[in-house]
Amino acid sequence: MIASMRRFVETCEAVSATTKKTEKVRLVSKCLRSLPVDDAARAAIFFAGHAFPRWEERTLAVGGSLIWQALEALSGLPPERLSQTYRRYGDAGGMAEEVLSSDNPGGELTLRDVAATFENLAALRGSTQKLEAFKQLLRRASPGEAKYIIKIVTGDLRIGLKENLVEEAIAQTFLRPLDLVRRANMITADVGATFRLAAADDLAAARLRLFHPIGFMLATPAETPAEVFESFPADALVEDKYDGIRAQAHKSGRTVKLFSRTMDELLEFPELFEGLAALPGEFILDGEILAWRDAHPLPFRELQRRLGRKHSDMWLLLDIPVNFVAFDLLYQDGDLLLDTPLRERQRRLEQLLGPAPGAHFQLAGSQRCQTVEELRETFENAILRGQEGLMAKEPGSPSPLSTSS
DNA sequence: AATGGCTGCCC
DNA sequence: ATTCTGC
DNA sequence: GCAGAATGGGCAGCCATT
């Protein structure tokens, strides 16, 4: 019985060695199948290049510098040699594998060990403590294991495998419909949890939890109005493309939480909470937070100054006012609306916000365009109003496929 | 107390 | 976020 | 056309150093 971390590394190497997606999926599936459920769930997260489930806010705060220091200490090599090796790989993981002692057979580490060390690293304070703990982990690892530990720490395996393919591997492992797997993963935002649900044949039971962010629908760019109509032949619903911060608003009772696209809680905009709390019922809104003054959006740069602050500064709060522009309704009073046509979601959204959304709130004005000329005009108009571009959506689409132009 | 490096997170 | 690349 | 890889700018907080 080989230790689970070694199996993980062998699979990564094999995945890296092929360019075929189906082969990658097969390899990952085989690995997941061979592991006990707890380990497989951890492996699924690691395969996706994450140290923790996506919805979690914990971070390791171990970056290039700390990795460098650890490798310098463990290899005993001079910085020039390290730089040389780094340049050859362009990747700290690859560098580690070459630079660390190949006398170290490793092979004893389990995925559980690695996960436990990540927990520890996240909990430790200060780079000094983190460096020590990190070096200890690498000392227990073979060069190959160190390579992938570092890749996970830097948040990217770079072996042509992303969470998308891990979802496919999960579907294949248990012969579940891929849609169901993707849906469960969107709801849980935790590919390890998704693995468990699939293993238990319980994917359909994945339940939305308010105040746990769900996956965001991302946009794909389009160059011209004509391209938009290639995607949506009939007609398109068009909104301004806002240059702000994408945010998901969860509300139930008097409780309100905002989440960023990376599923971190946004605490920097307290003036938005009251208005959201005052709206009726339970819901999840999708929208954009904009710096906004005198009926005009401010440049993103302004808004950015309010980001990342632990304590909201009253001056800044007055200096850079914000609005929440709602453009979608993903959940309302027990109904998950992911499969509901956009028209219907927008109808419910309008209803929810009412004719006069409170201060700090706007409903994204969506306009229907049926010809290329119409769309071109709307686009030019948007630019004149200081917008970045347009978002185009298909009225009947369940999940908003969006474009800018 | 001030500075600068590092890290993370927005786009 | 954008841009590039390989399939 | 797509998914994945590679890259960039700018901000704030935290920690180590001085």
Side-chain angles (χ1 to χ4, degrees), chain A residues 12 15-16 18-25 28 47-52 54 56-70 86-87 89-94 121-132 134 151 153-169 182 213 216 218-223 227-228 230-231 241-248 258-269 288-291 297-313 316 319-320 322 387-389 391 401-405:
Chain A
C12 286
V15 166
S16 173
T18 177
T19 59
K20 296 187 182 66
K21 274 175 58 178
T22 50
E23 177 68 0
K24 289 173 191 280
V25 170
V28 172
F47 275 131
H50 305 130
F52 300 115
R54 261 186 309 137
E56 283 203 38
E57 294 199 31
R58 284 188 295 181
T59 59
L60 299 172
V62 174
S65 174
L66 234 59
I67 291 170
W68 194 271
Q69 288 176 53
Y86 180 79
R87 275 196 298 277
Y89 291 92
D91 176 278
L121 280 169
L124 288 174
R125 287 284 145 231
S127 48
T128 317
Q129 285 188 293
K130 284 176 193 280
L131 179 59
E132 265 328 294
F134 189 54
K151 280 168 170 284
V153 167
T154 55
D156 214 344
L157 260 39
R158 300 207 269 177
I159 58 174
L161 183 78
K162 281 271 157 64
E163 195 157 326
N164 233 347
L165 292 189
V166 179
E167 289 172 340
E168 289 189 31
R182 293 212 198 281
F216 282 78
L218 298 180
T220 52
E223 296 301 321
E227 252 181 66
V228 171
E230 282 171 29
S231 311
K241 182 178 186 294
Y242 304 103
D243 192 14
I245 296 164
R246 186 76 176 273
Q248 201 175 92
L258 291 167
F259 297 96
S260 73
R261 202 170 59 182
T262 52
M263 304 191 169
D264 293 298
E265 194 174 349
L266 288 165
L267 299 166
E268 297 96 326
F269 307 100
E288 192 92 0
I289 296 171
L290 293 180
L298 300 173
F300 178 77
R301 180 78 57 85
E302 295 292 308
L303 184 57
Q304 199 176 13
R305 292 177 49 212
R306 288 196 54 179
L307 271 174
R309 295 188 184 255
K310 286 289 173 69
H311 309 286
S312 52
D313 175 334
L316 203 60
D319 201 31
I320 309 172
V322 298
Q387 299 297 334
E388 259 199 325
M391 308 293 290
L401 172 68
S402 318
T403 76
S404 69
S405 64

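First the proteins, then the strands, lettered A, B, ... as listed; each starts at 1.
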Engineer: Would you mind checking if R182(A) and E167(A) are paired as a salt bridge, meaning a charged N to carboxylate O distance below 4.0 Å?
Structural biologist: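 Result for this pair is yes, salt bridge flagged.
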Engineer: Go through the structure and list residues passing side-chain contact (heavy atoms from CB on, under 4.5 Å) with R158(A), not counting sequence neighbours.
Structural biologist: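 So R158(A) forms a side-chain contact (heavy atoms from CB on, under 4.5 Å) with D91(A), K151(A), D156(A).
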Engineer: Could you check whether L157(A) gets within reach of a base, just the sugar-phosphate, or nothing at all, counting any heavy atom under 4.0 Å?
Structural biologist: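 Result for L157(A) = nothing.
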Engineer: Is there a side-chain contact between S127(A) and the phosphate of dC14(D), meaning an N or O under 4.0 Å from OP1 or OP2?
Structural biologist: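 So the side-chain polar atoms of S127(A) never come under 4.0 Å of the phosphate oxygens OP1 or OP2 of dC14(D).
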Engineer: Name the nucleic acid region contacted by R125(A), choosing base, sugar-phosphate or nothing; use a 4.0 angstrom heavy-atom cut-off, strictly under.
Structural biologist: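 Touches sugar-phosphate only.
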Engineer: Could you check whether L161(A) gets within reach of a base, just the sugar-phosphate, or nothing at all, counting any heavy atom under 4.0 Å?
Structural biologist: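 The residue L161(A) makes sugar-phosphate contact but no base contact.
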Engineer: Given F134(A), which of L66(A), L121(A), L60(A) fulfils the side chain to side chain contact (heavy atoms under 4.5 Å, CB included) condition?
Structural biologist: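 Checked L66(A), L121(A), L60(A) against F134(A); only one passes side chain to side chain contact (heavy atoms under 4.5 Å, CB included): L121(A).
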Engineer: Quick one: what's the B/S/- string for nucleotides 3-11 of chain B, heavy-atom cutoff under 4.0 Å, read 5' to 3'?
Structural biologist: ---SSSSBS
Engineer: Tell me whether the OP1 or OP2 atom of dC15(D) has a side-chain N or O from K130(A) closer than 4.0 Å.
Structural biologist: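 Indeed not, no polar side-chain atom of K130(A) lies that close.
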Engineer: For the side chain of K310(A), starting at C-beta, report the closest nucleotide among dC15(D), dG13(D), dC11(D).
Structural biologist: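 Within the option list, the nearest is dG13(D).
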Engineer: Is the shortest side-chain N/O distance from R158(A) to OP1 or OP2 of dA6(D) below 4.0 Å?
Structural biologist: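 Yes, because at least one side-chain N or O of R158(A) sits under 4.0 Å from OP1 or OP2 of dA6(D).
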Engineer: Do the side-chain N or O atoms of R309(A) get closer than 4.0 angstrom to the phosphate oxygens (OP1, OP2) of dA12(D)?
Structural biologist: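 Yes, R309(A) has a side-chain N/O under 4.0 Å of OP1/OP2 on dA12(D).
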Engineer: Which nucleotide wins on minimum distance to the side chain of R305(A), given the candidates dA3(D), dC11(D), dC15(D)?
Structural biologist: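 Among dA3(D), dC11(D), dC15(D), the one nearest the side chain of R305(A) is dC11(D).
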